[in-house]
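The structure appears below as C-alpha cells.
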Amino acid sequence: MAEQLRPLIAGNWKMNGLKPSLAELDAMIAGAGNVTADLLVCPPAILIAAAAARASGTRVAIGGQDCHADASGAHTGDVSAEMLTDAGASAVILGHSERRTDHGETDAIVRAKAQAAWRAGLTAVVCIGETQAERDSGKAKDVVGRQLAGSVPDGAAATNLVIAYEPVWAIGTGRTPTNPEIEEIHGFIRSKLDQNLKEHGARVRILYGGSVKPSNAAEILKLRAVNGALVGGASLKASDFLAIAAACS
Ligand code: PEP
C-alpha cells in the first residue's frame, strides 16, 4: 500500500494581490496553528519579500510562481531562482498550464527551470495536466506521462520536487474530475515516479489542482493517491485556504 505522505496545501495567487492582500497572508499564518498539512503560499513576485518577512518562523512557507533558467543576465522582466531564494522563497511553481499556454513554455524549458530552482535551493512544484480535447481523445495519460518525463530533471527526490496534476479543463472552471479519474491519473504518475526515481519516487508528493474549494476539498483530499492540493482562486481568501487545509485532517 502507498505510503501516507504529509499533505501539502499550496496556494497560487497568480497575478492577484496588492500590498493590502498581505493581510490575508497574516490571517493564514494566524490560523495555521491547528493545521496538520504543510502550507505554501505563492504570491506575485513583487510581494514575495514582504510575504516571506511576515511568514518567517511560521508554519507558512512562501514560493514563487515561475523563475528563469539563468541565475542572472539580460532577461528583461524575468526573475531568477536565486532572486526568489534571496527574497525568502523556499519553493517555486513551474510549468503551470497558464505559463505553458501564455508563454509557450515547453517541457524542456520547464526542466531547465527546475534545474535552476534546485541550483538555488528551491523545491520545484512542477505542474502537468491534459486539456479537455486531450482527455476527450483518450490521451490524458500520454500527455501527463510525456510532460512528467520531459519536465523533471535527473536528481529529483522528495526534498526538491512536488508534482501538481492539474487538468487544464478544471482550472478556474468549477469543474473537477471524478474521484476515480483523479485516482487513475495520480496512480499513473506515482508508477512513473517509482520507475524513474526508484526509492525516491514513493515519497514525492502528488498534488491535485483545479477548482479545489472548501466545499469539495474533503472529498478530494481523502483519496489516498492525493497528497495535497494546488489551489488557485480559493487561496486568495484566508478563510477558504484554511478551510481547505483543515480538510486534510
Ligand atoms: C491553478 O491555477 O493552479 C488552480 C488550481 O486554479 P483554481 O484553483 O482557481 O482552479
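Note that ligands are numbered from 1 as they come in the structure, with each ligand's atoms numbered from 1 the same way. When reading the values below, keep in mind they use all heavy atoms of this one structure, side chains included, and skip hydrogens, waters and symmetry mates.
- At a heavy-atom distance under 4.0 Å, no atom of K213 approaches ligand 1.
- Inspection of the T131 and E134 side chains reveals an N or O donor paired with an N or O acceptor under 3.5 Å.
- At least one N/O-N/O distance between G232 and ligand 1 falls below 3.5 Å.
- Every atom of ligand 1 with a heavy atom of G233 under 4.0 Å away is listed here by number and element: 7 (P), 8 (O), 9 (O).
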Q: For the pair T123 and S90, evaluate side chain to side chain contact (heavy atoms under 4.5 Å, CB included) and give the outcome as yes or no after the intermediate values.
A: CA-CA 6 Å; T123 296; S90 57; over 6 Å; no
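- Heavy-atom separations between G172 and ligand 1 include at least one value shorter than 4.0 Å.
- Classification of R224 and E183 as a salt-bridged pair fails, no side-chain N sitting under 4.0 Å from a carboxylate O.
- The protein heavy atom nearest to atom 2 (O) of ligand 1 is K14 NZ, 2.5 Å.
- What sits closest to atom 1 (C) of ligand 1 on the protein, heavy atoms only, is H96 NE2, 3.2 Å.
- At least one heavy atom of A170 sits closer than 4.0 Å to an atom of ligand 1.
- Atoms of ligand 1 found under 4.0 Å from any heavy atom of G210, numbered from 1 in the order shown, are 5 (C), 10 (O).
- Among protein heavy atoms, atom 5 (C) of ligand 1 sits closest to E166 OE2, 3.0 Å.
- Looking at E98 and I171, their side chains come closer than 4.5 Å, going by heavy atoms from C-beta outward.
- Atom CD1 of I46 is surrounded by 12 or fewer heavy atoms from other residues, nucleotides or ligands within 6.0 Å.
- With a 4.0 Å heavy-atom cut-off, ligand 1 is reached by the side chain of N12 but not by its N, CA, C or O.
- When atom types are taken as modelled, the side chain of R205 and the backbone of A164 share no donor-acceptor pair closer than 3.5 angstrom.
- Ring-plane geometry between H186 and Y208 is classed as tilted, the angle between the planes lying from 30 to 60 degrees on a 0 to 90 degree scale.
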